[in-house]
Amino acid sequence: VAQIVTFARMNARAAVRDVGRAMGLPYGEMDRLAKMIPGGPQSTLAKGLETAEVQAAIREREDYGRLFTVAQALESMARHPSKHAAGVVIAPPAADGGAGGLRAHVPLLRLPGQTAEENVYVTQFDMDGIKHLGLLKIDILGLRTLTVLEETRQLVKRTRDRDIAYHAVPLDDAVTYRMFAEGRTDGIFQFESSGMRDALRKLKPDHLEDLIALNALYRPGPMEQIDTYIRRRRGLEPPVYDVPELEPLLKSTYGIIVYQEQVIQIVHKLAGYTMTKADDFRRSMGKKKAEIMAQEKANFITGAVKHKIPKDKAERIFDFLEKFAGYGFNRSHSAAYALLAYWTAYLKVHHSVEFMAALLTSETGNHDKIAEYVGECRKLKVPVLPPDVNRSRTTFSVEEIPKTNGDHALSAAEGAAPRQGVRFGLVAIKNAGEAAMAGVVRVREADGPFRSLEDFCERLDGATLNRKVMESLVKCGAFDALGSRAALLAALPKALERGSTSKSDRAKGQETMFGNGAKTPAPEAPLPRTDETVSRDDLAHEKELLGCYVSGHPLADYEDEIRQFSTQSLKPDQLAAAPPGPTIKVAGIVTRVKHGLTKQKKDPFARFQIEDLEGSIEALAWSQTLAKSGQHVVNGTILMVTGQLQKQGEDGRPTLIVKDLMPLAEAQ
């Protein structure tokens with residue numbers, strides 16, 4: 001067994017950067033030249049050389065012309081080998097001392113890892129070469145969703161003493177399908193995007209077959225068939241079959257080719273292809289090469305005529321296949337994904353707290369996703385409790401909550417007091433390392449809860465829990481049960497010093513005044529906070545360190561105004577789906593303000609984030625806007641911003657070019 005090589009190739013921009021580096025150009029200079037080439041998968045240097053900007057650069061300096069000439073010669077060449085994301089190849093072992101194993105068929109290459117254990121063997125031929133050798137290639141995909149399913153199962157077992165047998169989950173649960181039909185699919189595998197939600201709302205699925213079909217259709221190419229499929233599925237338009245012979249093979253998908261298996265069945269049953277030849281036919285249709293298509297058409301028509309199908313009919317069937325066969329998706333793959341999607345939706349409906357805890361754990365380190373899913377918890381009326389050194393585990397966990405709602409942390413659930421909530425995991429705190437937080441949980445479970453900040457510092461290793469980590473824990477609310485954040489921050493230097501001295505004394509074997517090495521009792525913990533309000537600074541620290549607001553939200557009192565004045569939600573999937581160009585209005589809080597000057601005219605500009613209750617967008621305000629309203633571009637101000645939506649960078653990152661802004665209080 002080995003993994004399969006893949007070759008990274010020099011695309012247009014990469015070739016410019018590599019040649020620029022070889023020519024000794026400064027990084028900023030060659031990066032500027034590379035960005036003159038239009039981005040995207042279809043980008044080529046030939047297209048780039050036609051642009052006025054590149055032509056001007058070549059006229060400006062002779063060595064730029066040489067750079068582009070050399071880069072064009074290198075474009076699309078293999079740059080370096082790496083490992084295919086999922087492909088694994090397998091060959092039979094040697095038998096009776098003869099040649100066997102992969103080395104008998106293909107040269108291997110060792111790709112070095114950071115350690116000897118991480119070294120990996122790959123084939124020196126890529127996956128196309130492997131196929132021609134006749135070796136078995138298997139794609140093994142690691143899915144985070146499987147981990148979420150298992151983690152949810154373990155949490156349900158721990159909290160409800162029940163075991164979820166996934167293959168026994170009923171596949172006709174009306175509540176689960178209602179959630180799909182309403183497009184409430186945050187956190188649902190394969191069904192989170194805004195386009196997919198729109199399709200779900202139109203289709204209104206009520207059984208698994210709908211999810212399988214939509215999963216196969218929602219991809220480039222077949223997407224154009226989604227509306228037709230939905231109309232036929234709902235009885236608004238009759239199915240259409242080019243020839244009657246197609247009806248039994250396409251009846252389940254209303255006359256539309258959705259799956260690769262349908263292509264194989266058509267050519268097998270109507271033209272007499274073997275299943276292997278039929279699969280080769282299906283594969284060649286996807287390549288759209290004229291000479292291959294002409295040969296396949298001749299073979300198909302010959303086979304169909306032998307099976308008593310008139311030639312004109314056979315030609316119509318082939319034309320139909322040619323149009324749609326290349327778009328077909330593997331049904332067995334789609335069915336497996338649809339089943340995983342159904343299971344995650346079923347858990348979200350029937351085991352909301354455990355599912356959301358597992359989902360949040362799976363996104364640890366991704367603060368954008370954590371903010372999104374904490375928002376989804378609020379919609380589900382699932383309380384999200386802040387991190388707590390005496391209650392949190394390293395991962396997000398499920399915790400019973402008293403019926404009386406006196407804890408400020410429950411404000412996220414709008415006063416609801418359900419039996420269970422999600423407790424923030426310690427590892428999800430920025431600057432808090434996994435090993436250090438595992439140590440906190442281990443010490444607490446071994447010796448009991450921490451009684452005070454000083455007690456915590458004495459019992460934990462100061463090497464891993466340094467001042468930066470401790471400040472992060474205090475600022476995000478993990479010590480709130482032991483005192484106010486301001487008081488704890490003021491006491492932190494002495495607590496750390498005392499903890500360090502205490503550990504040093506123990507290491508030297510000194511006895512305390514009580515003799516026999518007995519531990520000095522920790523001082524009384526500060527009184528628990530009685531003030532349930534949280535300052536704007538406290539919330540800002542939570543946002544910075546946790547990725548979201550937990551104790552409250554600075555926009556909570558402005559929810560109606562935001563809904564009233566905004567024309568565009570800042571939820572990530574809705575922003576990604578929004579077309580660039582139109583003028584939009586958004587309302588939210590300003591964060592991450594950075595001021596700068598333009599290179600040529602030295603005019604001032606400002607970049608900042610504007611954040612609503614569902615997400616955020618980067619905003620760019622030029623000098624004209626700043627001259628008029630720049631005094632409002634300050635961290636923490638709540639604004640209504642009008643501007644043009646643009647997509648910037650190779651990844652199409654949404655950016656708002658600000659035309660006007662004002663305090664939200666003045667918007668009415």
Side-chain angles (χ1 to χ4, degrees), residues 128 131-132 134 136-137 139 203 207-338:
D128 292 326
K131 181 187 75 176
H132 288 298
L136 178 62
K137 178 178 81 78
D139 276 1
L203 179 62
H207 63 291
L208 192 65
E209 197 65 46
D210 289 335
L211 302 181
I212 297 171
L214 198 53
N215 199 28
L217 286 167
Y218 195 81
R219 56 199 69 250
M223 284 179 85
E224 62 190 52
Q225 296 297 312
I226 289 178
D227 287 341
T228 303
Y229 179 89
I230 290 170
R231 288 194 300 273
R232 293 180 183 182
R233 164 72 177 86
R234 297 185 65 190
L236 303 174
E237 170 185 307
V240 176
Y241 305 99
D242 273 23
V243 293
E245 288 83 356
L246 290 173
E247 183 172 356
L249 304 174
L250 299 180
K251 190 172 184 179
S252 66
T253 53
Y254 312 100
I256 299 168
I257 290 180
V258 176
Y259 309 115
Q260 293 173 356
E261 288 88 339
Q262 290 174 316
V263 178
I264 293 170
Q265 286 178 319
I266 289 169
V267 297
H268 170 63
K269 293 192 174 178
L270 303 189
Y273 281 56
T274 65
M275 296 301 274
T276 303
K277 289 287 186 187
D279 190 38
D280 289 339
F281 175 95
R282 187 268 314 164
R283 192 178 288 112
S284 67
M285 294 296 265
K287 292 179 180 174
K288 306 284 185 191
K289 290 185 178 176
E291 64 276 10
I292 297 176
M293 301 290 277
Q295 183 61 50
E296 288 294 357
K297 184 172 185 177
N299 294 342
F300 178 84
I301 291 171
T302 301
V305 168
K306 283 182 183 176
H307 282 71
K308 309 284 192 293
I309 293 175
K311 185 178 179 183
D312 62 329
K313 226 184 227 192
E315 287 178 342
R316 275 164 49 207
I317 294 171
F318 184 86
D319 290 343
F320 175 75
L321 285 169
E322 189 174 13
K323 187 175 180 182
F324 297 112
Y327 294 148
F329 190 68
N330 184 262
R331 177 181 160 81
S332 58
H333 186 97
S334 191
Y337 271 23

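In this chain, residues are counted from 1 in sequence order.
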Close side-chain approach of [X] to [Y], heavy-atom, < 4.5 Å:
X	Y	value
Val263	Asp279	no
Arg282	Gln262	no
Met285	Leu321	yes

Determine yes or no for a side-chain-to-main-chain donor-acceptor pair under 3.5 angstrom, with Thr253 supplying the side chain and Val258 the backbone.
->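 Not confirmed, Thr253 side chain does not pair with Val258 backbone.
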Can you name the nearest heavy-atom pair linking [X] to [Y], along with the distance?
X	Y	value
Lys308	Pro310	O-CD, 3.8 Å
Ala338	Asn215	N-ND2, 4.0 Å
Leu250	Ile256	CD2-O, 4.1 Å
Ala304	Ala314	CB-CB, 3.7 Å
Pro222	Ala216	CG-O, 3.9 Å

Please list all pairs passing the salt bridge (Lys or Arg N to Asp or Glu O under 4.0 Å) test where one or both residues lie in residues 246-261, with sequence neighbours left out.
-> none
Contact list for residues 218-230, test salt bridge (Lys or Arg N to Asp or Glu O under 4.0 Å), sequence neighbours left out = Lys202-Asp227
Do Asp280 and Arg283 meet the salt-bridge criterion of a basic N to acidic O distance under 4.0 Å?
->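 Yes, this pair counts.
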Contacts of [X] that satisfy salt bridge (Lys or Arg N to Asp or Glu O under 4.0 Å) - sequence neighbours left out:
X	answer
Arg234	none
Glu322	none
Lys137	Asp139
Asp210	Arg233

Is there any ring-ring contact (aromatic ring centres under 6.0 Å, His included) pair reaching into residues 237-264, and which pairs are they, with sequence neighbours excluded?
-> Tyr229-Tyr254
Using 30° and 60° as the class limits, which term best fits the ring planes of Phe329 and His333: parallel, tilted or perpendicular?
->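 Judged by the thresholds at 30° and 60°, the geometry between Phe329 and His333 is perpendicular.
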At what distance, to the nearest 0.5 angstrom, does [atom1] of [X] lie from [atom2] of [Y]?
X	Y	atom1	atom2	result
Arg331	Ile264	CZ	CD1	13.0 Å
Ile212	Ser334	CD1	OG	6.5 Å
Met275	His268	CE	NE2	5.5 Å

Side-chain donor-acceptor pairs under 3.5 Å in residues 293-303, sequence neighbours left out?
residue	atom	partner	partner atom	Å
Gln295	NE2	Asn299	OD1	3.1
Glu296	OE2	Ser284	OG	3.4
Asn299	ND2	Gln295	O	3.4
Thr302	OG1	Ala298	O	2.8

Which residues share a side chain to side chain donor-acceptor pair (under 3.5 Å) with Asn330, sequence neighbours left out = Ser332
Gln225: partners by side chain to side chain donor-acceptor pair (under 3.5 Å), with sequence neighbours left out |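 Once residues adjacent in sequence are excluded, Gln225 has no partner under the side chain to side chain donor-acceptor pair (under 3.5 Å) criterion.
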Kindly write out the residues that satisfy ring-ring contact (aromatic ring centres under 6.0 Å, His included) with Tyr273, not counting sequence neighbours, or none if the list is empty.
-> Phe281
For Val243, check side-chain contact (heavy atoms from CB on, under 4.5 Å) against everything at least two apart and list the hits.
->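 Result, side-chain contact (heavy atoms from CB on, under 4.5 Å) vs Val243: Glu245, Leu246, Lys313, Arg316, Ile317.
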Going through the distances and angles, do Ile226 and Leu214 end up as a side-chain contact (heavy atoms from CB on, under 4.5 Å)?
-> CA-CA 8 Å; Ile226 289 178; Leu214 198 53; 4.3 Å; yes
Give the C-alpha distance, both sets of side-chain angles, the deciding distance and a yes or no for side-chain contact (heavy atoms from CB on, under 4.5 Å) between Lys269 and Leu249.
-> CA-CA 9 Å; Lys269 293 192 174 178; Leu249 304 174; 3.9 Å; yes
